[in-house]
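Heads up: the structure comes next, in structure tokens.
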Amino acid sequence: MYREFKTLNLPQIDQEILAFWDAQKIFDRSVEERPVENSYVFYEGPPSANGMPGIHHVMARTIKDIFCRYHTMAGQRVERKGGWDTHGLPIELSVEKELGITRDDIGKTISVAEYNRLCRETVMRYKDRWDDITRKMGYWVDLQNPYITYTNDYIETCWWLLKQLFDKGLLYKGYTIQPFSPAAGTGLSSHELNQPGAYRDITDTSAVAQFRIKGAENEYFLAWTTTPWTLPSNTALAVGKHITYVKVRTFNRYTQEPITVILAKDRMGAYFTGQTPGLKPEEVKAGNKPIPYLEIVEEMSGASLEGMEYEQLMPYVQPDGPAFRVLLGDFVSTEDGTGIVHIAPTFGADDFRVAKQYGIAALLVKDENGHPMPLVDRQGRFVKDVTDFAGRYVKDYGQEEERPVDVDIVIKLKEENKLFLSEKYLHPYPHCWRTEKPVLYYPLDSWFIRASALKERMFELNLTINWKPASTGEGRFGKWLENLQDWNLSRSRFWGTPLPIWRTKDGLQETCIGSVALLKEAIEKANAVLGKTQTVPEDLHRPFIDDVVLVSESGEPMYREPDLIDVWFDSGAMPYAQWHYPFENQEKFWQNFPADFIAEGVDQTRGWFYTLHAIAVMAFDRVSFKNVVSNGLVLDKNGVKMSKRLGNAVDPFETIAKYGADATRWYMISNAQPWDNLKFDVAGIEEVTRRFFGTLFNTYSFFTLYANIDKFRYAEADIPVEKRPEIDRWVLSALNSLSEACEGSYADYEPTEATRKMMYFVDEQLSNWYVRLSRRRFWRGEYNEDKISAYQTLYECLITLAKLMAPVSPFFADWLYRNLNEVTGKEPHPSVHLALMPAPDASHADPGLEQRMDYAQRIASLVLSLRKTRKIRVRQPLQKIMLPVLDTQFVDQVNEVKDLILAEVNVKVIEYVTDTSGLLHKRVKPNFKTLGKRLGKHMKAVSDLVASWTQADIQQLERSGKYVFELEGESFPATLEDFEILTEDIPGWQVASDNELTVALDVTLTPELEAEGMARELVNRIQNIRKTRDFNVTDQIAVVLENHPEVVPAVEWHGGYIRQETLAASLSLADNVPEGDLLELPNELQLHIQVKLV
RNA sequence: AGUCUCGUAGCUCAGCUGGUUAGAGCGCUACACUGAUAAUGUAGAGGCCGGCGGUUCAAGUCCGCCCGAGACUACCA
């Protein structure tokens, strides 16, 4: 017996199947039963178990799961080693938050060892929840042997990779400008800067300063800044190569002194009103915003300004090298400011870069230890060398002062005739999310990977990667690679992979340690030379690794560079480190490199996708993945990003518990392409449940209801397809087309297409056509070949669907598969996930059949529509329909499906109309596609002409099969191909049409037809009674019907039919039916009827 | 600010290389069906295809600009 169920309960199916998978170790088997030689490599991007899983994780993991399952079913071995991302700032921050400490406390109120111990504990905090969601959503990944980034083995591989890069000269220490929070005394990561609310609008005092040109009288460059406090650190000005500059004579608005200034021509309008010959100094006032000018003296290109020198604006500190020159910078624009950019290499990333490129010095002083430092200290205060402002904070850090230092700087410039203009300026400025104080961009020492050296190669290799969607690979990722900057590896943090570089105090000698063995060797050497007793720490993390002192070639002690490496390096190292390559598993590694497939959110484009790619290219000159799917975000149903703060985050546990994993997965995949953002709405899950799973479940229930009665166990040999009825062959053909299409979609990483095709098949083809038309074959008559054919056919549809849908909805698919296979034992596999995808069977494909069934569906639909408009119920038989013949095969095609159509629409005969004598009213349209190319601009005239043709013209065209357009002296011959001729109407008939198909319905009712209609009504009513009385499908009955002239012909002529349909042993008419039910029949006829079991 | 995606019916989405009545499902309304029935069928209402301009005989589709949403990147002075 097939299992029968009253209602569909997806969550219960989840439970049942999960228990089955566990008990039978189906996941393990699905891997082990596939040959090692034919493997499909998948890399799991490690999540951090430090946060709770969200619904977006279900999305991302569904995509991963689909293709892994698909390739398993395609016969490949798909190992999926899980992993955990365990290092990094978010973990540190959550520990700090819980302890109520800041970074400064670490090493003071809490030891680094203790702090890291807490990080290690915290990092797996939600592991249970993750394991739980992984299981419940049906994501198959190996969580028994995951890689964990904090283990010594993992760190060792990272070290080995760093050593590879180090040996290739790709690691260097540099000085860069990074976000820095003076209030918190720490550098900030871009992650922190991107916290919500980090950028806030603040009002700054902006200044346009005058930089006096060397060797000229009263000539100045104008440069704008929103940070006047950086002006004492100015050492250069940048102009745009292709920008046009002008030299303008005017007066200083504050001092009224005559000046000549240089600025971008495009920016004139922002500062000047118009030329005023004979302008007097007193006409230029401080209150004027744009001011008049005397004349434009000269025009020049930015390129011609390159190399010009100017006098230092605020000479507190002298540069140690060339400075105060004009440079070319590609970042210079004329959107605001003056088109000349003030460069302070210590406080701007662009500034730093362009200054370095030109060999321009930065302004630095020595700190108490003799180390160079910028003119602002780490607390955000001017150093003593900036005498006028020494000790003043450069931004608002809560200090009490009369005026911000920016204002005092502006005043000083004004007094010295160095200020052209000062204004308040409102702009977004980043703030430290913890202290809420402004961030400074500050020079810090960092280690870098010279990624830019390999960017062409990375770009080239990227072209070989199949990106889904392609635009992310070409656009976002490609562009990123084109403009690649060096990778800042350093993190001044505690919980992470330590940088394995040791240096002498003077920094002249350094070594990179690429393995624990090398470390041991180096330690032994150092112990010998330095007389120490160090050993390799048991834990490679800080602080233990910091204690290790090595020795240089020349015998000097070397100390570890205190930085950690960027956690993204950890994740990018995962292909190697998950196997502890090259220290172990060499063969395993090479079998699993590169990945065939990875998938993550599109936000990982410059995260994990990049680090994987970069490390593989730099260390191996290879790609690390061949196919990548980057999915979009999961938004709430209003398109708003989900967040805890807004309370619109969807709890995946609740969702899955309520709707089941399959409906959730199916909804997410079918609703939108994975790379489009998904507006997550549970109403969509309900719809999928009803429309797809519900329909399929109903189909299964229908099958089991009758298969159990008939004891169909698929024991009979397959009935050859060519011996099966038309409708069976049709659905098998459609099923075969579906298999092919789904396989193509899966292979092409297009899961949405696959699901939509399956939905169409289940709803439109299987349920609403095949089953609807075949119903009687299941419940009527003998267990004969036709019936067996129906069972075999429906069975094949169901089991094939189970396979096709298995990657997306693994639970329901397995449930369906097992319910079927349990009885028939046709398949050797206990689970659908161990089965192979159905091989497309060309012998099932029959395009001609699919076309004529399409005709049948559309003709039936048209007839039903006609009945509807004439209010003639379907039970009332009608005599005939007429079909205008479309082409030579049309009659043959329709005849093949004639019986289906007639049965479906309850009509006796089909007549074909082929004459062109005028019975049919036709319409003609030009074929724009074929004619447009030839006619070009005449197309419109032709369109008008054709529209004006009469029926006679159309007949003429049909008879001759050609037409010649004469247009402006040119002849354009056209054939029938160049026209679309449609039957529009058959005068005197009820006509409906759908594209090329036209149907006419004869609505004449004869007494015979009416009697037959009445007979069917009676059958229907009696069936209802049977049903309400809960009679068995096989119970015989006796029927007595109240006599009435309207029912007499029905009973007389069709009594046998009525009895047969209703299993009535007797049917009689009586003038009085005392204990009967009251029947409501057409024409408001009410009669009594008595139905009894016999 | 830059780069990239997206914008089609009330909602979620199709619309292939440009071709002339712009589609589906859901929702809504009405009717029908009642041996799959908390299903199903038929019909109806509902669209300046985000806006403007361009290319073309022809634009939802190609190009440019703008507006709106989102992501990523970013101290543009």
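Predicted model, so just to flag it, every value in this text is computed and none were measured. Throughout, protein chains are lettered first and strands after them, A, B, ... in sequence-line order, and every chain is numbered starting at 1.
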Separation of the P atoms in B:U3 and B:A43, to the nearest angstrom:
49 Å
Would you measure the distance from the P atom in B:U29 across to the matching atom in B:A36 and give it in whole Å?
26 Å
Considering only the P atoms, how many Å lie between B:U20 and B:A58, rounded to the nearest integer?
15 Å
Give the nucleotide from the list B:U5, B:A39, B:U17 with an atom nearest to the side chain of A:Arg690.
B:A39
Might you point out which heavy atoms bring A:Phe692 and A:Val762 nearest each other, and give the distance in Å?
CE1-CG2, 3.6 Å
Base-pairing assignment for B:A24 (Watson-Crick or G-U wobble, both under 3.5 Å):
B:U12
Taking the minimum atom-to-atom distance to the side chain of A:Trp480, which one of B:U73, B:C13, B:U20 wins?
B:U73
Span that lies between the P atom of B:G47 and that of B:U8, in whole angstrom
15 Å
Identify the nucleotide, in any strand shown, that forms a Watson-Crick or G-U wobble pair with B:C76, with both distances under 3.5 Å; if there is none, say none.
none
Phosphate-side-chain proximity, A:Lys925 and B:U21, N/O vs OP1/OP2 below 4.0 Å:
yes
Sugar-phosphate only, base, or nothing, as touched by A:Ser701 at under 4.0 Å among non-hydrogen atoms
nothing
Over 60° means perpendicular and under 30° means parallel, so tell me whether A:His342 and A:Phe211 are parallel, tilted or perpendicular.
parallel
Expressed as a whole number of angstroms, how long is the span from A:Gln673:CD to B:U12:C1'?
13 Å
From A:Gln178 atom CD to A:Phe180 atom CZ, the distance as rounded to the nearest 0.5 Å
10.0 Å
Across all strands shown, which nucleotide pairs with B:G70 by Watson-Crick or G-U wobble geometry, both distances under 3.5 Å?
B:C4
From B:A14, B:U73, B:G35, nucleotide with atom closest to A:Asn1020 side chain:
B:G35
Classify the nucleic acid contact of A:Tyr706 as base, sugar-phosphate or nothing, counting any heavy atom under 4.0 Å across all strands shown.
sugar-phosphate
Looking at every strand, decide which applies to A:His342 at a 4.0 Å heavy-atom threshold: base, sugar-phosphate, or nothing.
sugar-phosphate
Between A:Trp675 and A:Arg1021, name the one whose nearest nucleotide on RNA chain B is closer to the 5' end.
A:Trp675
Who is the Watson-Crick or G-U wobble partner of B:C49, with both distances under 3.5 Å?
none
Can you tell me how far C1' in B:G25 sits from the matching atom in B:C67, rounded to whole Å?
30 Å
Using a heavy-atom cut-off of under 4.0 Å over every strand shown, decide if A:Arg772 touches base, sugar-phosphate, or nothing.
base
Does the side chain of A:Asn671 get closer than 4.0 angstrom to OP1 or OP2 of B:U12 through an N or O atom?
no
Using a cut-off of 4.0 Å on non-hydrogen atoms, how would the nucleic acid contact of A:Phe477 be classed: base, sugar-phosphate, or nothing?
nothing
Identified pairing partner of B:A36, criterion: Watson-Crick or G-U wobble below 3.5 Å
none
Is the A:Phe347 ring parallel, tilted or perpendicular to the A:Trp229 ring (thresholds 30°, 60°)?
perpendicular
Watson-Crick/G-U partner (both atom distances under 3.5 Å) of B:A59
none
By nearest atom, which of the nucleotides B:G70, B:U17, B:C6 is closest to the A:Lys929 side chain?
B:U17
NA contact type, A:Asn698, heavy-atom cut-off 4.0 Å: base, sugar-phosphate, or nothing?
base
When we call it a touch if two heavy atoms are under 4.0 Å apart, what does A:Ala223 touch: a base, just sugar-phosphate, or nothing?
nothing
With under 30° as parallel and over 60° as perpendicular, where do the rings of A:Phe609 and A:Trp467 fit, or are they tilted in between?
perpendicular
Whether A:Asn768 contacts B:G41 is assessed here as follows: a side-chain N or O lying under 4.0 Å from the phosphate OP1 or OP2. Is that the case?
yes
Mind checking if A:Asp763 touches a base, just sugar-phosphate, or nothing, with heavy atoms under 4.0 Å?
nothing
For A:Asp710 and B:G35, give me the distance from atom CG to atom C1', rounded to whole Å.
14 Å
Using atom C1' of each nucleotide, how far apart are B:U73 and B:G60 to the nearest Å?
32 Å
Roughly, in whole Å, what's the span from NE2 in A:His431 to P in B:A74?
19 Å
Side chain of A:Phe928 only, heavy atoms from C-beta on: which candidate in B:A36, B:C26, B:U20 is closest?
B:U20
Tell me what A:Ser670 touches on the nucleic acid: a base, only sugar-phosphate, or nothing, going by heavy atoms under 4.0 Å.
nothing
Gap in Å between the two C1' atoms, one belonging to B:C52 and one to B:C48, rounded
13 Å
Does a side-chain N or O of A:Arg775 approach OP1 or OP2 of B:U37 to a distance below 4.0 Å, or not?
no
Determine the minimum heavy-atom distance between A:Gly473 and A:Asn462, stating which atoms define it.
O-ND2, 3.3 Å
Exactly one of A:Tyr791, A:Phe697, A:Phe778 should register a ring pair (Phe, Tyr, Trp, His ring centres under 6.0 Å) with A:Phe702. Which one does?
A:Phe778
Using a 4.0 Å heavy-atom cut-off across all strands, classify A:Val771 as base, sugar-phosphate, or nothing.
base
Only pairs with both distances under 3.5 Å count, Watson-Crick or wobble alike; so what is the partner of B:G41 in this structure?
B:C31
Give the minimum heavy-atom separation between A:Pro228 and A:Val410, together with the two atoms involved.
CG-CG2, 4.3 Å
Taking the same atom, C1', in B:C49 and in B:G44, what whole-Å distance lies between them?
23 Å
Sugar-phosphate, base or nothing in reach of A:Arg691, heavy atoms under 4.0 Å:
sugar-phosphate
What's A:Gly684 touching, base or sugar-phosphate or nothing? Going by heavy atoms closer than 4.0 Å.
nothing
